[in-house]
Amino acid sequence: MDLSSDVWNQVALEASQLYFGEDGKSRFANTSIEKLPDKVILHIFSYLSHLEICRMAMVCRRWRTIAYDTKLWKNVSLRPEVSGLHVGSLEQLLQMVSVRFGASLRYIELPIELITHTVLHELASKCPNLTHMLLDFSTAMQLHDFSEMQAFPAKLRYMCICLSEVIFMEGFMRKIYNFINGLEVLHLIGTYEKCEEEEEEVYEVVNVHKMKSATPNLRVINLYGINFIDDSHIDAFSSNCIQLECLAVNFCSKVTGSTLKALLARSKHLKCLLMNGTDLKSEFVMQAEWDKCSVQELDISGTDLTSECLIDMVTRVPTLRFLSAGQINGFNDSVLKAWMESGMAKSLISLDLDSSDNISDEMLGRFIGRYGGQLQACVLSGMTHITDQLWMTILPTLVNVKIAVMGTTERLGGNIHVDQLMDTIGSSCPKLERLELRWDPENLRFSDKSQKAIDMLRVKCSKLRCMVLSDGRYYETVKANFERADRLTVVRTTTSCRVSAYHVLSNYNELIFN
C-alpha cells in the first residue's frame with residue numbers, strides 16, 4: 001500500500017514539474033490559440049464539418065484564410081439536408097469552385113438547383129482530380145437547359161444519380177456519355193420509398209440500354225428502388241460490363257430473375273449479387289448454373305422463393321461467404337439441414353435470417369453450433385421464438401463475430417434477462433463491433449447490479465463502435481455507462497439507427513450512397 005502511494009506521489013510530482021515552473025506559474029499561462037502556427041490550426045479545422053468551418057471563417061481574417069484552404073475541401077456535400085450548407089446563388093458556387101475547391105476536390109454532391117452546364121463546365125476546368133460525384137435530381141420538376149454543355153468532369157470513377165420519378169434524363173445523359181467511359185462504380189437511386197404507397201404510371205426516366213454502351217468499365221452497379229428496372233436492363237449491363245464484380249438491384253420490384261442464367265454465365269468476376277425485395281421466380285432461379293458461378297455474396301431477402309429452390313441454390317453455390325435470406329417463408333429447417341449435409345457452408349462468414357419464422361431454434365442451434373466459429377456477422381432478429389436462451393447457448397461459439405443482431409419489436413410473453421446476456425457477449429465476443437437488441441423495452445429485465453454486466457461488455461468488447469437499443473430505461477442506463485467512459489457515440493436508439501450485416505460485404509464502401 002505504501003509502495004503504491006509512493007509511485008503515485010512521484011507521478012504527481014513529475015506532472016507538476018511539467019506544467020508548472022519554479023515560480024509556481026503554469027508554463028502555458030501566456031499561450032493562446034493565436035500563437036499556434038497555421039498548419040496546426042489547419043489540422044484542427046480538418047476535424048470539423050464544413051458548416052463549422054464556415055463559422056470559423058467568420059472569426060477573423062487569418063482564420064478565414066485558413067478555412068478557405070483547399071485541403072479542407074476535398075469531400076464536399078452541397079445538399080442542405082445532408083451537410084447544412086446552403087449555396088445562395090450560382091455565382092457564389094462558381095467562386096467556391098475557383099477559390100476553395102480547385103485541384104484538391106475529390107468528391108462533390110450537388111442538389112438539382114446547382115446542376116447547370118456552367119457549374120459542370122467549371123468543375124471540369126478547375127477540378128482536374130474530381131473522381132466522385134453525386135447528382136441529386138430526386139426533387140426536380142424541371143431540368144436546366146443543357147443544350148450548350150460542352151464539358152463534364154472526365155476522370156470520374158464513381159457517379160451517383162438520384163432520379164426523379166417524372167423528369168426524363170436523356171437530354172442530360174446524352175451530353176455526358178462521352179465523358180463517363182472511365183466509370184467503375186455507378187449508382188442509380190430510384191423513388192421506391194416515395195411512391196410505394198400508390199400505384200402510378202411508371203416512366204423510364206433514364207435509358208439504361210444507352211448508358212451501358214457508355215460505361216464498359218463498370219465493376220459495381222447499384223440500381224436501388226427503381227420502379228422501371230426489369231430483367232432486360234440487367235441483361236443489358238451484363239452483356240457489356242465484363243469487369244462486373246457487384247450487382248445490386250434491391251427493391252427493384254420488376255426483377256424476376258429471367259436473365260439470371262445469362263448474367264452468371266457472362267459475368268465471370270461477379271462475386272456479389274444483391275436482390276432484396278425483388279420478384280424472383282423460383283423456376284428462373286433454379287435454371288441458373290450456380291455450381292459454375294463465382295458468386296460469394298448473395299441477398300435474396302423479402303422474396304417468395306420456394307424451399308425447393310432455396311435448397312437447390314444453397315447446395316450448389318461452391319464458395320458462398322455471405323447469405324441474407326430473411327423474410328422468406330420457404331426458408332425452413334429442411335433448407336438448413338440440406339445445406340449442412342452438402343458441406344457448402346464451409347466458407348460462410350455472414351448469415352442473416354431476419355424474420356425467418358419457419359426455422360426452429362433447435363435447427364438454428366445445430367447450424368450455429370457447427371459454423372458459428374467462422375461467422376463474422378450473425379443476424380437472427382424478428383423471431384419471437386428466438387430468445388435469450390438460444391443466444392446464451394450459441395454465443396460461446398461466435399468467437400469471431402463482429403456484427404450481431406437479436407430480438408424482435410413484437411411484445412413477448414416471457415422476459416429477456418439482459419444482464420446475463422450482456423455478460424456472455426462480453427466474455428465470448430471480443431471482436432464485436434456492432435450490436436443491436438430489438439426487444440421491446442418492457443421485455444428487458446435487469447437488476448441493480450446491471451452496471452457490472454455493462455462494464456464487462458464495454459471493457460471486453462473494446463472495438464464496439466455501435467450498440468443499438470430500443471428507447472427505454474435500459475437504453476438510458478447503458479448510454480450513461482458508456483458516456484462516463486467517454487465513449488459518447490456508441491449507444492444509439494432503434495429509431496435512428498439499424499445494424500446490418502452489409503458491413504462485411506467486400507464492396508461495402510463502394511455500395512454506400514446518400
Side-chain angles (χ1 to χ4, degrees), residues 221 231 234-235 237-239 242 244-250 255-354 356 358-359 363-364 366-379 501-502 504-507:
I221 301 174
D231 297 277
I234 295 177
D235 189 60
F237 275 122
S238 68
S239 66
I242 61 174
L244 191 60
E245 298 174 6
C246 175
L247 174 64
V249 289
N250 290 343
V255 173
T256 64
S258 61
T259 59
L260 195 55
K261 182 176 181 179
L263 170 68
L264 298 182
R266 291 169 179 163
S267 306
K268 301 299 183 182
H269 303 288
L270 185 65
K271 294 182 179 180
C272 181
L273 184 58
L274 309 178
M275 301 180 289
N276 186 349
T278 56
D279 190 28
L280 289 178
K281 305 297 183 186
S282 295
E283 58 267 29
F284 295 143
V285 174
M286 293 177 71
Q287 289 172 8
E289 296 180 332
W290 294 103
D291 49 339
K292 298 179 181 179
C293 74
S294 56
V295 172
Q296 299 179 1
E297 300 164 344
L298 185 63
D299 186 353
I300 49 174
S301 297
T303 59
D304 293 323
L305 297 178
T306 64
S307 299
E308 180 187 7
C309 174
L310 292 166
I311 292 174
D312 178 76
M313 183 191 301
V314 298
T315 58
R316 291 168 61 200
V317 182
T319 55
L320 192 60
R321 300 173 68 250
F322 176 104
L323 178 65
S324 181
Q327 305 169 48
I328 302 179
N329 289 330
F331 207 109
N332 52 31
D333 286 2
S334 62
V335 178
L336 274 184
K337 182 179 179 181
W339 197 13
M340 288 175 63
E341 292 175 349
S342 70
M344 289 297 187
K346 60 183 181 297
S347 302
L348 191 69
I349 64 166
S350 175
L351 180 65
D352 182 349
L353 297 178
D354 176 64
S356 298
N358 293 328
I359 303 177
M363 181 55 70
L364 270 175
R366 286 175 55 193
F367 188 88
I368 301 297
R370 177 180 295 187
Y371 297 107
Q374 64 195 49
L375 290 182
Q376 295 180 18
C378 183
V379 179
Y502 269 26
V504 302
L505 289 174
S506 54
N507 294 101

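Each residue takes its place number in the sequence, starting with 1.
Checked against ring pair (Phe, Tyr, Trp, His ring centres under 6.0 Å), Phe237 has no partners two or more places apart in sequence or in another chain.
In terms of heavy atoms, Ser294 sits closest to Leu270 at OG-O, 2.8 Å. Across every non-hydrogen atom of Ser350 and Leu375, the tightest pair is N-CD2, 3.9 Å. Across Leu353 and Ser356, no two heavy atoms sit closer than the pair O-OG, 3.0 Å. Nearest heavy atom pair, residue Asp312 against residue Thr315, reads O-OG1, 3.5 Å. Taking all atoms of both residues into account, the shortest heavy-atom contact from Ala501 to Val379 is CB-CG2, 4.1 Å. Nearest heavy atom pair, residue Arg316 against residue Glu289, reads NH2-CA, 3.6 Å.
Of the options Asn332, Ile368, Val335, Asp333, a side chain to side chain contact (heavy atoms under 4.5 Å, CB included) to Met363 is made by Asp333 and by none of the others.
The CG atom of Leu305 lies 4.5 Å from the OG atom of Ser282; values are rounded to the nearest 0.5 Å. One distance of note links CG of Asn329 with CD of Gln327; it measures 10.0 Å at 0.5 Å rounding. Taken to the nearest 0.5 Å, the CD1 atom of Ile349 stands 8.5 Å off from the OG atom of Ser506. Rounded to the nearest 0.5 angstrom, Asp304 CG and Lys281 NZ are separated by 7.5 Å. Taking CG from Leu310 and OG1 from Thr303, the interatomic distance works out to 7.0 Å, rounded to the nearest 0.5 Å.
Within 6.0 Å of NZ in Lys346 there are more than 12 heavy atoms belonging to other residues, nucleotides or ligands. Few gaps surround CD on Glu283; more than 12 heavy atoms of other groups in view lie less than 6.0 Å from it.
Side chains of Ser324 and Ser301: a donor-acceptor N/O pair is present below 3.5 angstrom, by distance only. Residues Asp299 and Tyr502 bring a donor and an acceptor atom of their side chains to less than 3.5 Å of each other.
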Task: Verdict with supporting geometry, Val249 and Asn276, side-chain contact (heavy atoms from CB on, under 4.5 Å) - done: CA-CA 7 Å; Val249 289; Asn276 186 349; over 6 Å; no
Task: Chi angles and distances behind the side-chain contact (heavy atoms from CB on, under 4.5 Å) call for Met344, Thr319 - done: CA-CA 7 Å; Met344 289 297 187; Thr319 55; over 6 Å; no
Task: Evaluation steps, side-chain contact (heavy atoms from CB on, under 4.5 Å), between Met286 and Met313 - done: CA-CA 7 Å; Met286 293 177 71; Met313 183 191 301; over 6 Å; no
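Listed by first and then second residue, the ring-ring contact (aromatic ring centres under 6.0 Å, His included) pairs involving residues 258-281 amount to none (not counting sequence neighbours). For residues 327-346, every residue pair satisfying the ring-ring contact (aromatic ring centres under 6.0 Å, His included) rule, not counting sequence neighbours, is listed here: Trp339-Phe367.
A salt bridge links Arg321 with Glu297: the closest approach of a Lys/Arg side-chain nitrogen to an acidic carboxylate oxygen falls below 4.0 angstrom. Using a cut-off of 4.0 Å between Lys/Arg side-chain N and Asp/Glu carboxylate O, Asp235 and Arg266 are scored as salt-bridged.
Judged purely by atom type and a 3.5 angstrom limit, Lys261 has no side-chain atom pairing as donor or acceptor with the backbone of Ser258. A donor-acceptor contact shorter than 3.5 Å links the side chain of Thr306 to the backbone of Cys309. With hydrogens and angles disregarded, a donor-acceptor distance shorter than 3.5 Å links the side chain of Gln374 to the backbone of Ala345.
The shortest side-chain heavy-atom distance between Thr256 and Leu280 does not fall under the 4.5 Å cut-off. Considering only heavy atoms from C-beta on, Trp290 comes within 4.5 Å of Val285 through its side chain. Using a 4.5 Å heavy-atom cutoff, the side chains of Leu351 and Leu348 are in contact. Side-chain contact check for Thr278 versus Ile300: every heavy-atom pair is 4.5 Å or farther apart. By the 4.5 Å heavy-atom criterion applied to side chains, Leu247 and Cys272 are not counted as neighbours. Proximity of Phe322 to Leu298: side-chain heavy atoms (C-beta onward) are nowhere separated by under 4.5 Å. In this structure, Leu505 and Leu274 have side chains that are in contact, with non-hydrogen atoms separated by less than 4.5 Å. Ile234 is not listed as a side-chain neighbour of Leu260, based on a closest heavy-atom distance of 4.5 Å or more.
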